[in-house]
There are 2 protein chains.
Amino acid sequence: MATRTGQDGLSRERIVDAAIAMLDEGGDGALTFRALSTRLKTGAGAIYWHVANKSELLSAATDAILAEALRSDEADTSPRGQIRAIALGLFDAIDEHPWVGGQLSRLASQAGTLQIFERIGQQVEALGVPAGEQFYAASALLNYILGSAGQNAANARVHEPGTSRADLLGAEAAVWTSLDPATFPFLHRVARQMGDHDDREQFMAGIDLILAGISAGR
Amino acid sequence: MATRTGQDGLSRERIVDAAIAMLDEGGDGALTFRALSTRLKTGAGAIYWHVANKSELLSAATDAILAEALRSDEADTSPRGQIRAIALGLFDAIDEHPWVGGQLSRLASQAGTLQIFERIGQQVEALGVPAGEQFYAASALLNYILGSAGQNAANARVHEPGTSRADLLGAEAAVWTSLDPATFPFLHRVARQMGDHDDREQFMAGIDLILAGISAGR
DNA sequence: ACCTGAACACCGTTCAAGT
DNA sequence: ACCTGAACACCGTTCAAGT
């Protein structure tokens, strides 16, 4: 019964894995069907036998990363702890695969986004938020997460793939400092904080702010 | 002194205006240099004399819409009222030009994004948030806005440009209802609310949630 | 200084032809 | 059933040549 399903022979899984590897290595622009088929030592059109088109391939790659990220075994089982764990899991996954952030923020109601929304919604319910307010509360958390994801991806895109986080923030802080203090007083004032803040901590502070707002409403 | 600067003769402004019109009419994919040069009755390469490349053109188009959107003359001068006015102005602008949402969510620290951040930051300061927390508070608001912008743009992208908001939400609600209730209890439960909720109200509810969280912290 | 338009180096996708 | 690879219909961008 051992039909060929190993090293050789194309498969959807092999294609998705290769796509993820290429996206990780070279970012958004690195994934082309030509480069992909070269890497897989096959013809350009062969991929279309297993995958409908590039858009579906990107969705599959994104969903694969998300499925991994959402497989949390968080010790803290309180709804608040669960929500924080979901958010952190996503942040770390996007930090490791910045292209996922871009994908997420431009894909509405794709499988992956719906999964995230469901997970958050369940915990919002567990939090004791009244039925009529759960939809808004969960949406706020989701949109905040997706916005942060998009910015994270955008930051990774402008700098070359290897840039360290410190250099990245430093460069941004330098831009802010160079702005006219009269028209940009706020950016000028917080430029220092921008230079050496912790992205992850900042991200979680936003989650906590929304959670506080949800609690304050009752 | 009347050198030719009217109907004929290309200019950066005419190019940006034409680009905005094309993006409004056909969405993200409709803007190509070929179609643009046809519309402007000029050669493909002529545009490059006034604009560095497509990316710069998109930024200029986005910034033009944002500048308009941020020119608010809100009566309510309280910091909270100002923040709400900024958010609403952006929501309406993106609702009218969905491609701006996509642009915003994939452009970090472009001129437009910085302007928004500055405006929000100033009001966060006026709100009386301690200096050390202003950066996080303003970031949370910004990321939420950008996330909502991206989802808005994504929703517009999947359906054809003419689709009414009711049809759009109805289609989405139908998808949620069709999901397995065992694995997607939350989505199933809120599908009805999804079907007939008010996007604008939902968006502002998120802003209010974050503002409540900011106040609750003190 | 500004514009033309052919040419270059790419894309995603299709499809007859092979095995 | 699965794969090949040439071909098609596009892109953004460049650049010699024009005015």
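Heavy-atom basis, side chains included; hydrogens, waters and symmetry copies ignored. Just so we're on the same page: letters track the sequence lines, and every chain starts at 1. Just so we're clear, the structure is a prediction, and the values are computed from it rather than from any experiment.
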ask   = For A:Asp196, what residues pass the side chain to side chain contact (heavy atoms under 4.5 Å, CB included) criterion, not counting sequence neighbours?
value = none
query = Which residues, if any, of residues 45-58 of chain A bring a heavy atom under 4.0 Å of DNA chain C?
reply = A:Gly45, A:Tyr48, A:Asn53, A:Lys54
ask   = Taking only residues two or more places apart in sequence or in another chain, which ones pass ring pair (Phe, Tyr, Trp, His ring centres under 6.0 Å) with A:Phe135?
value = B:His197
request  = Scan for side chain to side chain donor-acceptor pair (under 3.5 Å) pairs involving residues 19-29 of chain B, sequence neighbours excluded, and state none if there are none.
outcome  = B:Asp24-B:His97, B:Asp24-B:Trp99, B:Glu25-B:Arg39
task = Would you mind listing every salt bridge (charged side-chain N to carboxylate O under 4.0 Å, His left out) that reaches into residues 139-156 of chain B, with sequence neighbours excluded?
result = none
task = Kindly state each residue pair satisfying salt bridge (charged side-chain N to carboxylate O under 4.0 Å, His left out) with at least one member in residues 42-57 of chain A, sequence neighbours excluded.
result = A:Arg12-A:Glu56
key: Parallel, tilted or perpendicular: rings of B:Phe117 and A:Phe186 (30°, 60°)   = perpendicular
query = Can you give the dot-bracket line for DNA chain C, using ( ) for pairs inside the strand, [ ] for pairs that cross earlier ones, | for pairs with another strand and . for unpaired bases, where Watson-Crick and G-U count if both distances are under 3.5 Å?
reply = ||.|||||...|||||.||
ask   = side chain to side chain contact (heavy atoms under 4.5 Å, CB included) with B:Ala171: which residues, sequence neighbours excluded?
value = B:His159
Distance-only check: which donor-acceptor pairs under 3.5 Å involve side-chain atoms of residues 44-52 of chain B, not counting sequence neighbours?
{"from": "B:His50", "atom 1": "NE2", "to": "B:Leu10", "atom 2": "O", "distance (Å)": "3.4"}

query = Contacts to DNA chain D from residues 26-34 of chain B, heavy-atom cutoff under 4.0 Å, which residues?
reply = B:Leu31, B:Thr32, B:Phe33, B:Arg34
query = Could you state the CZ-P distance from B:Arg14 to C:dC3, rounded to the nearest angstrom?
reply = 9 Å
Those residues that, when tested against B:Phe184, pass ring pair (Phe, Tyr, Trp, His ring centres under 6.0 Å) (two or more places apart) = none
key: Residue whose nearest DNA chain D nucleotide is more 5′ - A:Ser11 or B:Ala44   = A:Ser11
query = Taking only residues at least two apart or on different chains, which pairs with a member in residues 177-192 of chain B satisfy salt bridge (charged side-chain N to carboxylate O under 4.0 Å, His left out)?
reply = A:Glu125-B:Arg189
request  = Please state how far atom CD1 in A:Ile15 lies from atom P in D:dC2, giving the value in whole angstrom units.
outcome  = 12 Å
